[in-house]
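Atoms within a ligand are numbered from 1 in the order they appear, just like the ligands themselves.
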Amino acid sequence: MPKLLRIDASARSSRSLSRALGNRFISEWLRRNPGDEVILRDIGKTPPPAISEAWIAAAFTPPERRSLDQAKALAVSDDLIAELRRADLIVVTTPMYNYGMPSALKAWVDQVVRVNETFTFDLGRGDHPLEPVFTGKTMVMLTASGEFGFSAGGIRQDMDHLVPHLNTVSKYLGVTDSHHIGIEYQEFDDLRHARSVADAHDAIPALVDRLTAADANSSRPVTARAADRTNTAGHDERLGAYSES
Ligand SMILES: Cc1cc2nc3c(=O)[nH]c(=O)nc-3n(C[C@H](O)[C@H](O)[C@H](O)COP(=O)(O)O)c2cc1C
């Protein structure tokens, strides 16, 4: 049975549009897959600590040579990586802050993307020395932004450093299948925003249907199929730029 890891990154709670999308996704998923486990990690309310010099030194020290202090420095990272390891489907709900990801989400990424845990590094691989340890995971990004036009062809298409960044680092989370649904126009609070909210919520059941069908047709928990990528922020296909190896 697939395990879902839900990461909530908004600093807001009940007013958060991205969290509301997450609630909808999880309830649609559990309606179709009632036995599945959902791991909740609320980094918006409890942000992981930023990594430090001590953290980096500890991460690059072989486990058997780590001091007690070094082991402690990696304790949060160990817990977050253990959650990631168990997950087949990662649901990230996140706002856009300053055209990128909230610092809490960046802190989570920095804690989980760790040498010899989630990626290996080998100069023998030439110009591409990093390889992910995990594979076959699916990621669903549920986003909210105050402005609009971040999709391909939109008036701010070059200003989105949230979805492209998440897609780039997701390789080292073991993600091989990625989807995005986003709400825009929050700051305008007009009809376009209302339509964007409705469209995003309406897109969720179809995505859950597709992922559930892929799961049922696969020997793996959740199928990684590049051809099945979707992006429903303004119904564009920004993920075409995301390449997997
Ligand atoms: C600190 C901060 C920075 C923001 N920066 C941006 C931004 O760069 N671009 C944008 O479109 N919206 C920006 N917004 C608006 C949020 O993305 C928008 O309010 C969104 O709905 C927040 O997500 P949430 O509803 O899940 O909390 C910002 C909001 C805050 C609080």
Counting each atom of ligand 1 from 1 as listed, which ones have a heavy atom of [X] under 4.0 Å away?
{"X": "Pro95", "result": "22 (C), 23 (O)"}
{"X": "Ser10", "result": "24 (P), 26 (O), 27 (O)"}
{"X": "Gly146", "result": "10 (C), 11 (O), 12 (N), 15 (C), 16 (C), 17 (O), 18 (C)"}
{"X": "Asn98", "result": "3 (C), 4 (C), 5 (N), 6 (C), 7 (C), 8 (O)"}

Could you tell me whether the side chains of [X] and [Y] share a donor-acceptor contact shorter than 3.5 Å?
{"X": "Asn33", "Y": "Thr212", "result": "yes"}
{"X": "Thr120", "Y": "Arg125", "result": "yes"}
{"X": "Asp177", "Y": "His179", "result": "yes"}
{"X": "Gln70", "Y": "Trp55", "result": "no"}
{"X": "Tyr99", "Y": "Glu147", "result": "yes"}

Give a yes/no verdict on whether any heavy atom in Glu187 is under 4.0 Å from an atom of ligand 1.
yes
May I ask whether Phe150 has any heavy atom positioned less than 4.0 angstrom from an atom of ligand 1?
yes
Is Lys72 salt-bridged to Asp78, cutoff N-O under 4.0 Å?
no
Quick one: do Glu117 and Arg85 make a salt bridge, cutoff under 4.0 Å?
yes
Quick one: does ligand 1 sit under 4.0 Å from the side chain of Glu147, the backbone, both or neither, non-hydrogen atoms only?
both
Identify the closest protein heavy atom to atom 18 (C) of ligand 1: which residue and atom is it, and at what distance?
Gln186 OE1, 3.2 Å
What protein heavy atom sits nearest atom 2 (C) of ligand 1, and how far off is it?
Tyr97 CD2, 3.5 Å
If you measure every N/O of Arg12 against every N/O of ligand 1, is any gap under 3.5 Å?
yes
When the ring planes of Trp29 and Phe25 are compared, do they come out parallel, tilted or perpendicular, using 30° and 60° as the limits?
parallel
Nearest heavy atom to atom 13 (C) of ligand 1, choosing from Met96, Arg15, Arg19, His161, belongs to Met96
